[in-house]
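Notes follow once the structure below has been shown.
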Amino acid sequence: MHDFVTLAALTDGTALKNWVLLVVGNLFAAWLGLRAFRHFVKDDWGGMTTMAVAAIFVAGLVWFPDESKTLLEGLWDKVREA
């Protein structure tokens, strides 16, 4: 009985957050990449560039969340100091 209670204990949700961030973030980055490819096919260079940059930004947030948070905090500190 004790093992069941230990296995069913509530967690802080970090594993769920990481899983959702990884799955949803990858799907969103893939969707943005697909839109960038569609703009490329239609020779819409502005739309392609915008979607490609957005896909790279989302991929950075998904694959490197701690580094992205540090970078954005540093940028915000620079803006706040100005």
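As the structure is a computational prediction, the values presented were derived from the model and not from experiment.
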query = What residues form a ring pair (Phe, Tyr, Trp, His ring centres under 6.0 Å) with Phe28, not counting sequence neighbours?
reply = Trp31
inquiry  = So, using side chain to side chain contact (heavy atoms under 4.5 Å, CB included) as the criterion, who are the partners of Val20 when residues are at least two apart?
reply    = Leu16, Val24
Please set out all donor-acceptor pairs under 3.5 angstrom arising from side-chain atoms of residues 43-63, sequence neighbours excluded.
from: Asp44; atom 1: OD1; to: Gly47; atom 2: N; distance (Å): 3.4
from: Asp44; atom 1: OD2; to: His39; atom 2: ND1; distance (Å): 3.1
from: Thr49; atom 1: OG1; to: Trp45; atom 2: O; distance (Å): 2.8
from: Thr50; atom 1: OG1; to: Gly46; atom 2: O; distance (Å): 2.8
from: Trp63; atom 1: NE1; to: Asn26; atom 2: OD1; distance (Å): 3.1

Qualifying side-chain hydrogen bond (donor to acceptor under 3.5 Å, both in side chains) pairs with a residue from residues 52-61, counting only residues at least two apart or across chains =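 Of all non-adjacent pairs touching residues 52-61, none passes side-chain hydrogen bond (donor to acceptor under 3.5 Å, both in side chains).
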task = Among residues two or more places apart or on two chains, list those pairs meeting side-chain hydrogen bond (donor to acceptor under 3.5 Å, both in side chains) that have a residue in residues 69-82.
result = Asp77-Arg80
query = Linking Ile, Leu, Val, Met, Phe, Trp and Tyr through side-chain heavy atoms less than 4.5 Å apart, which residues share a cluster with Leu34?
reply =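 Taking Ile, Leu, Val, Met, Phe, Trp and Tyr as members, Leu34 stands alone, with no cluster partners.
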inquiry  = Hydrophobic clustering (ILVMFWY, side-chain heavy atoms < 4.5 Å, transitive) - are Leu32 and Leu22 grouped together?
reply    = yes
